[in-house]
Structure formats: C-alpha cells, structure tokens
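Structure first, commentary second.
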There are 2 protein chains.
Amino acid sequence: MSLRERKKAKTRALIQREALRLFREQGYEATTVEQVAEAAEVATSTVFRYFPAKEDLVLLDHAPRFLEALESAPAELGPVAAVRHALRELAASRTPQELAEGLERERLMLTVPELWAASLKNVTSMIATIRDTLARRAGRDPADPWVRDITGAVVGVIFAVWLDWAKDPGMDGPAEIDRALAALEVLD
Amino acid sequence: MSLRERKKAKTRALIQREALRLFREQGYEATTVEQVAEAAEVATSTVFRYFPAKEDLVLLDHAPRFLEALESAPAELGPVAAVRHALRELAASRTPQELAEGLERERLMLTVPELWAASLKNVTSMIATIRDTLARRAGRDPADPWVRDITGAVVGVIFAVWLDWAKDPGMDGPAEIDRALAALEVLD
DNA sequence: ATATTTATGAGAGTAGACTCCTATTTGAGA
DNA sequence: TCTCAAATAGGAGTCTACTCTCATAAATAT
C-alpha cells in the first residue's frame, strides 16, 4: 500500500470519524458539511470528493463480512440456523476493539433517529441481500413468500433486540440475539 | 362546518392530491414544491402554510384504529393471533376506496427512502405501543424479552410483506400478511 | 353596510447541499 | 534532483427547501 493510498484512507477515516462525532453531539441535520470539513481540517470540496453525499458519511460497512459468513454457513442448516451461525462467526472474528467501535457506531445510529433515517437506504439494500442469500441457500426463488417471511421475522427480531441493546449497553447483545433467533428456528 | 373551513379542507386535499400525483409520475426528489404549487394552482407559500415540510405532503397514520382493534381482541388469543384478528377487523372496516387510497400512499412511502425516513419516528413509536399492548394482553412486563421478540418478528414479517406489496400492487396484501402471520402462530 | 378577522398571492431573502474551476501542494518515478 | 500525475484548498456559483413580509381579497360578525 503506497503512502498516497494510506494517506487517503486516513483522511477518509478522519472525516467520517469527525462527522459521526458531530452528528452525535449536535444532531445530523443541525450539522453542516462545512462543520465536518472544519473539524477534519479539510476543505468542504474534499469531503464531497470522498463522500458523494452527506448521508454517505454514515455508511456502515461490516455488512460484507456478515454476508460472506452467511453464504459459507453449512449447507444443511435452515435459514434461521444459518443466520445464527453467521452471527456467531462474525462476533468471533472481530477483535474486542473492533467490536467496541462497531457497537458504538451502531448505538449512535440507533439512538439518533436522524442517523437511522439517513442509513435506511443501506439497511434496506442489506435486507434485500440477506433475502437473496437465504433464497439461494434454500434453492428457492427470492420472490418466494416463505423466504420473504423468514427474512422479515429474522430481521425484525434482530432489530428489536438491537434497539433494546442500544438503550441498555449493559446487556449482552449478541447472546440475546442468539437466544431470540433460537426461538425462531421452529420456522426452518 | 363553516364555509371557510370547508374551503381550507378542500385546498389542503387538493394540494396533497396533486403532490402525490407528481411524486408518482416523476419521483419525489425530482418534484419541486413549486411544481406542486403550480399544479394545485396556489402560491408556493400556501403549500408551506398547510404542510410544514415537503415530506409532510405524504404522511398519514391509521395506526389508532389498528391499536384499538388489537386492544379489544378476544383475551384468549395469543399475541400473534390477536394481531391477525385486529388486522382482519381493520381491513373489514375500511371501504374499498379508503383501502385503495391508503395503499397508494403507503406504496409511495415505502418506495421512496426519504419518505420512509421521515415517518420513521411515527413508526417506532407505533411499534413501541404495539409491544406495550401485547405485553398488557399477556400480563407480562413490556421489557420481557419474549414480548420484545414476538413484537419484532410480527412487525418484521408485516413489513416484509408490505414491501413486496408496494412493489407489486397486484397481490392481495392483507391475505398475504395473514398467511405470513399464521406461520408465526407457533410462537404464541 | 361596515368593520374585523383570516387566507392568499407575490416576491424577496436565507441556508445549506452540491458542482465546477483553478492555482497550489504533495507523493511517485526517472 | 527534476518531472509528472494526483490530490487539495479556496472560492465562486447553482438549486431548492423553507421563511418572512406585506398588500389584497374573501369570509364572518356587528
């Protein structure tokens, strides 16, 4: 990785970090892109060079790893069991530091309505991808009602726990999600 | 109802109707408030007098009627069965015209991300209320994980069907939701 | 009919997201 | 060290949601 690339990655991360901090401190809409630029000590145009739109500053990107894990889960597992498997694997593959950072960001996203709203586009496309993956695993059409219903239930349950977790960081989120999903395995 | 009030209601409805038409025909972002004003033959400032923000042109909530029905569902029904019951009752109480109008608006809301985002606050408070109601019916604490998980699964499934319905208005949404929820009754 | 209250139109003005251009800096390669 | 390509700063400019003001018109009350 060249120096140039490293610098770019660093700048990008810096901008995003400062943006999230400001969003948390004073709200998403109340924060202007100019303020983000100032905080990161770059020009406003530079912010837009890295992030095509303000809402893109909020992207969450550990989705690919989850999808990968879901894809490569043992073929004999049903959809719900596969999701449980993938989640456990993902949790295990993350360093404690990564986990804390991820939790912080997710918490921020879930507790600040504007951020959640801003990331809705990503969330929906992520849900669609999960659905496609589950369909492929089961050898069914993604339009299949059964696939849709299972995906809906799984995502709904995960979100429900997630929301509680965001409100009470003391609880063991991953364990709760696992337990909640276990109850859904009757659907497999 | 005075003449003045009737006129206001008429103007308001006219603005909203024209707005929805334009949003449907050329997209939400691509439609300016000025165009809406022009189509409704009012001044731009008049649009804002009736609707504080562009996104408010789309909002609506028939939530109260559903919650009422849920509250008064037979006590012996489990949570999922109670939700099914309430939904059936709600569907029966709406005229075909109301149903079509509602669907049109929901469709728009679900397919345009920023509209969905705008109504997120209402949606989350609605989910919280459903959870409270289900908890009361079951004689449990709203913080109970079981209540949380059931609510999450139910809401997740309904949204999943809703999204598909929005994409394919030809399908029988209420029936699909009922079928999907039937599969969840094992959790009751 | 007159006075008062309320809704509207018209337009000027603000703010902030986003684009585009140019001069300047900075890393990469010879 | 010198040269070239890429990245940035700085700033001017656009677009549109949204606000404010005031004069006019329409509805209501007396």
Side-chain angles (χ1 to χ4, degrees), chain A residues 1-59 112-115 117-122, chain B residues 1-59 108-109 112-121:
Chain A
M1 195 141 116
S2 73
L3 171 56
R4 207 168 237 167
E5 275 171 334
R6 264 178 292 158
K7 264 203 150 176
K8 274 178 75 172
K10 217 168 129 189
T11 305
R12 189 192 154 84
L14 173 65
I15 293 173
Q16 193 169 37
R17 192 177 336 128
E18 291 302 310
L20 289 174
R21 184 179 60 77
L22 288 172
F23 292 165
R24 177 186 40 212
E25 285 174 11
Q26 54 185 22
Y28 175 77
E29 308 235 9
T31 303
T32 74
V33 176
E34 209 178 336
Q35 286 177 313
V36 172
E38 247 172 65
E41 295 178 317
V42 297
T44 306
S45 51
T46 302
V47 174
F48 282 109
R49 196 170 298 120
Y50 281 98
F51 302 91
K54 184 184 177 185
E55 60 182 25
D56 294 320
L57 285 163
V58 183
L59 282 190
V112 180
E114 291 154 321
L115 285 189
S119 62
L120 254 181
K121 223 183 253 177
N122 307 326
Chain B
M1 195 139 115
S2 74
L3 171 57
R4 209 168 237 167
E5 275 171 334
R6 263 177 295 158
K7 265 200 152 179
K8 274 178 76 170
K10 215 167 129 188
T11 304
R12 189 190 154 86
L14 173 66
I15 292 174
Q16 195 168 39
R17 191 177 335 127
E18 291 302 310
L20 290 174
R21 184 179 60 78
L22 287 172
F23 292 165
R24 178 176 1 109
E25 287 175 10
Q26 53 184 26
Y28 176 77
E29 307 223 41
T31 303
T32 76
V33 177
E34 209 179 335
Q35 287 177 314
V36 173
E38 242 172 70
E41 293 179 317
V42 297
T44 306
S45 51
T46 301
V47 175
F48 283 108
R49 218 190 311 278
Y50 281 99
F51 303 91
K54 185 184 177 185
E55 57 189 29
D56 294 320
L57 284 162
V58 183
L59 295 187
L108 190 58
M109 189 133 65
V112 181
E114 55 266 83
L115 289 186
W116 190 0
S119 60
L120 197 66
K121 230 178 239 175

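Below, read A as the first sequence line, B as the second, and so on, with proteins coming before strands; counting in each chain starts at 1. No experiment lies behind these values; they were computed from the predicted model shown.
Residues R24(A) and L20(A) form no side-chain contact, since every pair of their non-hydrogen atoms from C-beta on lies 4.5 Å or further apart.
Along DNA chain D, the stretch of nucleotides lying under 4.0 Å from any heavy atom of chain A spans, 5' to 3', dA5(D) to dG11(D).
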Taking only nitrogen or oxygen atoms into account, show me every contact under 3.5 Å that the protein makes with nucleotides 22-24 of chain C, one pair per line with its distance.
none

Mind listing the N/O atom pairs, protein and nucleotides 12-14 of chain C, below 3.5 Å?
none

For nucleotides 28-30 of chain C, print each protein N/O atom paired with a nucleotide N/O atom at under 3.5 Å, atom names and distance only.
{"residue": "dA28(C)", "atom": "OP1", "partner": "L3(A)", "partner atom": "N", "Å": "3.1"}
{"residue": "dA28(C)", "atom": "OP1", "partner": "R4(A)", "partner atom": "N", "Å": "3.2"}

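Summarising the local packing, CD of Q26(A) is surrounded by more than 12 heavy atoms from other residues, nucleotides or ligands at distances under 6.0 Å.
In this entry the distance linking NZ of K54(A) with C1' of dA17(C) reads 8 Å, nearest Å. Put simply, CG on D56(A) is 12 Å from C1' on dC18(C), counting in whole angstrom units. dT26(C) atom P lies 17 Å from atom NZ of K8(A), rounded to whole Å.
For the pair K7(B) and S45(A), both in contact range of DNA chain D, the more 5′-proximal nearest nucleotide belongs to S45(A).
Remark: E25(B) CD to L22(B) CG distance equals 6.0 Å, nearest 0.5 Å. Taken to the nearest 0.5 Å, the CD atom of E29(B) stands 6.5 Å off from the NZ atom of K54(B). How far OG1 of T44(B) is from CD of E38(B): 8.0 Å, rounded to the nearest 0.5 Å. In this structure, the separation between OG1 on T11(B) and OH on Y50(B) is 4.0 Å, given to the nearest 0.5 Å. T32(B) contributes atom OG1, which lies 4.0 Å from atom CD of Q35(B) (distance to the nearest 0.5 angstrom).
With respect to the salt-bridge test (charged N to carboxylate O, under 4.0 angstrom), the residues E18(A) and R21(A) qualify.
Of all the heavy atoms in V36(A) and A19(A), the pair that sits closest is CG1-CB, 3.8 Å. Considering every non-hydrogen atom in both L14(B) and A40(B), the closest pair reads CD2-O, 3.5 Å.
Residue contacts for Y50(A): at a heavy-atom cut-off of 4.0 Å it reaches the sugar-phosphate backbone alone, with no base atom in range.
A donor-acceptor pair under 3.5 Å is formed between the side chain of Q16(B) and the backbone N or O of L57(B).
Within residues 14-42 of chain B, the residues that have a heavy atom under 4.0 Å from DNA chain D are, in order of number, T31(B), T32(B), V33(B).
Residues satisfying the ring pair (Phe, Tyr, Trp, His ring centres under 6.0 Å) test with F23(B), not counting sequence neighbours, are Y28(B).
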